[in-house]
Amino acid sequence: MTYAASLPGQPRGGAIGGPATDRAVCVLAPNPSPMTLDGTNTWIVAEPDSDLAVVIDPGPLDDGHLRNVIATAERAGKQIGLTLLTHGHPDHAEGAVRFAELTRTRVRALDPELRLGDEGLEQGDVITTGGLELRVVPTPGHTADSLSFHLPADAAVLTGDTVLGRGTTVVAHPDGRLGDYLDSLRRLRSLTVDDGVGTVLPGHGPVLNDAQGVVEYYLAHRANRLAQVETAVESGHRTPSEVVAHVYADVDRSLWPAAELSVRAQLDYLGEHGLI
């Protein structure tokens, strides 16, 4: 039997939706798939005594889900004051425009094309809606526009797709780059070591109770995969599809197209560093 405490990051058991920390509540979107796991985690974040909340990643364009997010906030006595995006993939951001219409909020994101309003998000920005403190942490790699949000009061970080609650994420080549992703993981590790972050609130899957453990696992996993890809190339597997079939032979074939994106990113990284 496998126990959650023995898995990377110590995933929290029970239902994925609902309260996760004193300030963060998850509303699970109804879009499960092999790539989205149980569905997209839409996060409502607010100070306990405030009547304003921030929503991170409204999720897919599903009116029922978007209205459920609003209703969940209202049941807690809160109004949505701002919408934030961790990145622009449709399962996180497609519903943002409709959500902004329903809530009459701005949408802030790193990518200007995803914003509604004049303000974007940059490194060093601090969100203070309703007295909340959310610090913007650039974490490119999964995509070029990926961000995480540090929630100091709960010693937590909201990671979007940079760190998942179960399994590992895709480096979405060509937009995503492995070198950037490794740097982002090191940045998150610094949050766990230097800033006391202990909890990961991911974009998919359960909450993780051991932030440092999961980031260390991700770094080791990436190093191991990179070595496997390098060995595969040295053995004569030249094309990305050949490398995937060799390195990811034990992975469900339905995930091979996603794995090929990561392999392409790994091949680029190895080439850039003169290793192949």
Side-chain angles (χ1 to χ4, degrees), residues 4 9-32 36-60 62-87 91-93 95-96 98-100 102-109 126-137 147-166 197-211 214:
Q10 297 181 16
R12 194 174 296 177
I16 289 177
T21 67
D22 289 343
R23 291 164 181 79
V25 174
C26 176
V27 182
L28 181 64
N31 61 333
T36 60
L37 304 181
D38 309 88
T40 301
N41 294 338
T42 294
W43 290 100
I44 303 171
V45 189
E47 283 297 313
D49 59 354
S50 174
D51 60 0
L52 283 179
V54 174
V55 164
I56 299 172
D57 290 350
D62 181 304
D63 219 56
H65 170 63
L66 301 179
R67 291 182 183 277
N68 186 31
V69 174
I70 296 168
T72 300
E74 289 178 344
R75 284 194 296 271
K78 301 184 188 301
Q79 177 184 349
I80 310 301
L82 180 65
T83 302
L84 306 176
L85 297 176
T86 62
H87 65 298
D91 56 312
H92 293 257
R98 175 59 176 155
F99 190 73
L102 292 171
T103 59
R104 299 183 180 180
T105 59
R106 295 168 297 144
V107 176
R108 296 182 63 181
V126 179
I127 310 301
T128 57
T129 301
L132 185 72
E133 182 181 344
L134 274 177
R135 300 175 184 172
V136 177
V137 182
L147 298 171
S148 295
F149 298 97
H150 177 200
L151 180 56
D154 285 345
V157 62
L158 298 104
T159 54
D161 282 356
T162 299
V163 174
L164 304 178
R166 186 169 65 249
V197 167
T199 301
V200 173
L201 307 176
H204 302 279
V207 171
L208 300 173
N209 295 321
D210 178 15
V214 74

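None of the values given here were measured: they were computed from a predicted structure.
- Under the salt bridge (charged side-chain N to carboxylate O under 4.0 Å, His left out) criterion, Asp63 pairs with Arg67, Arg98, sequence neighbours left out.
- Residues Leu85 and Phe149 come closest through the heavy atom pair O-CZ, 3.9 Å.
- Contact between Asp57 and Gly160 at its shortest, heavy atoms only, is OD2-CA, 4.5 Å.
- Side-chain contact check for Val163 versus Leu208: some heavy-atom pair is nearer than 4.5 Å.
- No side-chain heavy atom of Thr86 sits less than 4.5 Å from a side-chain heavy atom of Thr159.
- For the pair Thr105/Leu82, no side-chain contact is recorded, criterion being any heavy-atom separation below 4.5 Å from C-beta on.
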Could you go through Ile56 and Leu134, starting from their C-alpha distance and side-chain angles, then the distance that decides it, and tell me whether this counts as side chain to side chain contact (heavy atoms under 4.5 Å, CB included)?
CA-CA 11 Å; Ile56 299 172; Leu134 274 177; 4.0 Å; yes
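- Using a 4.5 Å heavy-atom cutoff, the side chains of Arg166 and Pro11 are not in contact.
- In this structure, Gln79 places its CD atom where only 12 or fewer heavy-atom neighbours from other residues, nucleotides or ligands lie under 6.0 Å away.
- A heavy-atom distance below 4.5 Å is not found between the side chains of Asn31 and His65.
- Between Thr21 and Val45, the closest side-chain pair of non-hydrogen atoms is not below 4.5 Å.
- Inter-residue side-chain proximity for Asp154 and Leu201 is flagged as unmet; no heavy-atom pair is nearer than 4.5 Å.
- His87 places none of its side-chain heavy atoms less than 4.5 Å from the side chain of Thr162.
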